Amino acid sequence: TISANALLGAFSKKGKLTEAREHLEKIANPSPVSFNIMLRAYIENGHLHKARNMFDKMSNPDVAAWTQVIQAYSDHGELDEARKLFDRAPNRDSVAWTVMVTAYAQKGNIHEARTLFDRMLDKDPKAWTAMIKAYSRNERLLDARRLFDQMPVKDMMSRTSMITAYARKGDLEEAKSLFDECKERDSVLYTVMMKAYSQHGKVREAKALFDEMPYKNVLCWNSLLTLYVKNGYFEEAKDVFLDMPSRDVVSWTAMIKAYGDNKQGKEAIKLYHRMEGEGVQPDHVTFVCMLEICAELASLQQGEAVHRRIRRSKYRNFTTVLNALVHMYGKCGCLSEAKAVFTEIRNPDEFSYTALMSACYHNEQYWEALQMVPHMVQQGILPN
RNA sequence: CUCUGGGGAUGAUAAG
């Protein structure tokens with residue numbers, strides 16, 4: 001059963017849902033894990049509905065099944081449904097609690113995140129680290145530090161999280177001081193410090209850290225690439241892109257964006273096609289970047305081509321992608337298409353409304369743009 | 001003690 005499950009997982013990763021389904025039916029003694037993998041396959045491939053259907057039919061879903069459905073709702077912005085399931089679950093382990101804490105943190109509800117964290121009985125380092133990050137991403141650096149200091153056993157990941165918080169805020173000194181205190185340093189820690197230096201324009205110092213890394217995976221190389229792009233070293237970035245041992249979708253996307261930022265949108269689009277030609281699949285960020293470039297070029301033709309590509313992908317329902325589509329159509333003079341895409345957004349956020357407003361703006365519908373404000377407030381989304 | 005779910009690092013979306 002275990003090797004059958006591994007195969008099932010492989011089908012899932014490749015997005016081959018029908019094969020996965022057929023394979024599951026052929027497994028003689030499917031275990032709970034088998035069903036969980038199938039559940040996961042639906043979720044990962046953007047079929048939350050099918051996942052929920054399957055989950056509802058499961059006779060005795062275990063805590064892992066509950067947890068991944070909860071997380072799926074959270075990832076789709078449906079926090080209320082996630083919470084309902086969390087409260088209904090027959091039992092909750094530390095994974096489930098941490099998922100729920102993170103879910104609230106992502107929605108900006110730091111208070112509820114902390115309430116849940118405090119109710120947790122056996123807090124492992126992962127739970128602590130999640131809560132530190134929750135404060136960090138919600139601009140609550142002092143609370144993050146207080147929690148960090150209260151942590152009974154600090155591991156490298158919690159330290160990295162804390163250093164990231166300082167780096168985000170631009171507090172290079174405090175970041176460096178914590179970094180220096182670390183006895184163990186892996187490359188993740190180095191990339192965080194690189195980012196801190198990068199934000200201060202200290203390119204040489206950041207590069208020195210890169211050279212010191214104990215190992216260099218593609219993520220480390222991507223950090224170097226970004227260091228150069230963000231600081232305006234376009235030529236160096238191109239060199240790194242060519243020299244790095246392997247390139248993933250992040251590398252390609254960063255480089256596509258770099259061309260776009262340097263007013264070479266046409267080159268960026270060419271690079272995108274090279275990426276697909278090499279078998280690297282674009283993801284939601286790639287699509288957003290591409291749409292941004294099409295919008296900048298005001299090229300409806302290119303924008304529509306990207307839209308068609310998106311429709312074939314599992315990112316077609318992502319709010320960020322739809323937001324970028326709204327903006328692209330607006331910028332290209334298709335206000336009606338922009339509005340049509342907007343209606344497809346299941347959970348519009350502040351960016352969705354701003355994108356729609358910008359679409360009205362670019363098409364000189366100023367009164368309509370203003371009317372969006374009461375509309376979004378009605379939906380509980382406050383203008384920033 | 002690599003069959004499924006949670007924690008740290010890299011790329012992204014509005015206005016200007």
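Letters A, B, ... mirror the listed sequences (proteins, then strands); counts begin at 1. Given the structure is predicted, the values throughout are model-derived calculations rather than measurements.
Relative to the side chain of A:T102, the nucleotides B:rG6, B:rA12, B:rG5 differ in distance, and B:rG6 lies closest. Checking B:rG11, B:rA14, B:rC3 against every side-chain atom of A:T354, the shortest atom distance belongs to B:rA14. Candidate nucleotides B:rC3, B:rA9, B:rG5 were compared by shortest atom distance to the side chain of A:S31, and B:rC3 ranks first. Picking from B:rU13, B:rA15, B:rG8 the nucleotide with the shortest atom distance to the side chain of A:S161 gives B:rG8. In this structure, the nucleotide among B:rG7, B:rG6, B:rU13 sitting nearest to the side chain of A:T129 is B:rG7. For A:N217, the side-chain atoms get nearest to B:rA9 when compared with the rest of B:rU10, B:rG5, B:rA9. Listed nucleotides B:rA9, B:rU10, B:rG11 differ in distance to A:V192; the shortest reach to its side chain belongs to B:rA9. For A:Q71, taking side-chain heavy atoms from C-beta onward, the closest of the listed nucleotides B:rG5, B:rU13, B:rG8 is B:rG5. Nearest nucleotide to the side chain of A:S94, out of B:rG8, B:rG6, B:rG5: B:rG6. In this structure, the nucleotide among B:rA14, B:rG11, B:rA12 sitting nearest to the side chain of A:E292 is B:rA14.
Among the heavy atoms of the strands lying under 4.0 Å from A:I37 are primed sugar atoms or P, OP1, OP2 only; no base atom is included. At a threshold of 4.0 angstrom between heavy atoms, the contacts of A:D248 with the nucleic acid are absent. Contacts of A:K123 with the nucleic acid, taken as non-hydrogen atoms under 4.0 Å apart, are absent. Among the protein residues, A:A64 comes within range of the nucleic acid bases, having at least one heavy atom under 4.0 Å from a base atom. A:T320 comes within 4.0 angstrom of a nucleotide base, judged by non-hydrogen atoms across all strands. When heavy atoms are screened at a 4.0 angstrom cut-off, A:S352 is found touching no nucleic acid atom at all. Residue-level contact check: A:S223 touches the backbone only, with heavy atoms under 4.0 Å from sugar-phosphate atoms and none from bases. No engagement by A:P32 is indicated, since no non-hydrogen atom pair under 4.0 Å with the nucleic acid exists. Among the protein residues, A:S3 comes within range of no part of the nucleic acid, since none of its heavy atoms lies under 4.0 Å from any strand. Counting non-hydrogen atoms under 4.0 angstrom, A:V63 reaches a base of the nucleic acid. Residue-level contact check: A:V99 touches the backbone only, with heavy atoms under 4.0 Å from sugar-phosphate atoms and none from bases. Nucleic acid contact for A:Y361: sugar-phosphate only, since backbone atoms but no base atoms lie under 4.0 Å from a heavy atom of the residue.
Note that CZ of A:R309 is 12.0 Å distant from CG of A:L291, once rounded to the nearest 0.5 Å.
Side-chain contact between A:M162 and A:L178 is present, with heavy atoms from C-beta onward closer than 4.5 Å.
A salt bridge is absent between A:E112 and A:K107: the closest approach of a Lys/Arg side-chain nitrogen to an acidic carboxylate oxygen does not fall below 4.0 angstrom. Ion pairing between A:K314 and A:E44 fails under the 4.0 Å rule for side-chain N and carboxylate O. With respect to A:E25 and A:R21, a salt bridge is recorded, a charged nitrogen being found less than 4.0 Å from a carboxylate O.
Between A:K230 and the phosphate of B:rG11, there is a side-chain N or O to OP1/OP2 separation shorter than 4.0 Å. Between A:Y272 and B:rG11 there is no side-chain N or O to OP1 or OP2 distance below 4.0 Å. A sub-4.0 Å separation between OP1 or OP2 of B:rG6 and a side-chain N or O of A:K126 is absent. At B:rU10, none of the side-chain N or O atoms of A:K216 fall inside 4.0 Å of OP1 or OP2 (strictly under the cut-off). Regarding contacts with the backbone of B:rA14, every side-chain N or O of A:H362 stays at 4.0 angstrom or more from both OP1 and OP2. Under 4.0 angstrom from either OP1 or OP2 of B:rG11 there lies no side-chain N or O belonging to A:H284.
Using the six-membered ring where Trp is involved, A:F117 and A:W128 have ring planes that are perpendicular, over 60° apart on the 30 and 60° scheme.
We find that CD of A:E296 is positioned 11 Å from P of B:rG16, with the value rounded to whole Å. Nucleotide B:rG7 holds its P atom 15 Å from the CE atom of A:M131, rounded to whole Å. When the P atom of B:rA9 is taken as reference, atom OH of A:Y215 falls 13 Å away, rounded to whole Å. Atom CD1 of A:I163 and atom P of B:rG8 are 15 Å apart (whole Å). Here B:rG11 presents its P atom at 15 Å from CZ of A:F241, a figure rounded to the nearest Å. To the nearest angstrom, C1' of B:rC3 lies 6 Å from CD1 of A:I2. In this entry the distance linking OH of A:Y104 with P of B:rG6 reads 19 Å, nearest Å. We find that CG of A:N5 is positioned 12 Å from P of B:rG5, with the value rounded to whole Å.
The base of B:rG6 lies outside donor-acceptor range of the side chain of A:D93, with no N or O pair under 3.5 Å. Looking at A:T191, its side chain comes within 3.5 Å of the base of B:rA9 through a donor and an acceptor atom. Contact of A:D124 with B:rG6 (side chain to base): a donor-acceptor pair of N or O atoms is detected under 3.5 Å. One donor-acceptor pair, N or O on each side, does fall under 3.5 Å between the base of B:rG7 and the side chain of A:D155.
Checked against the 6.0 Å centroid threshold, A:F287 and A:F318 do not count as a close aromatic pair.
A side chain to side chain contact (heavy atoms under 4.5 Å, CB included) with A:H47 holds for exactly one of A:N53, A:N317, A:L17; it is A:L17.
In plain terms, the two heavy atoms of A:F86 and A:A96 that are nearest each other are CE1-O, 3.7 Å.
The same atom, P, is picked in B:rG5 and in B:rC1; the two are 15 Å apart, to the nearest Å.
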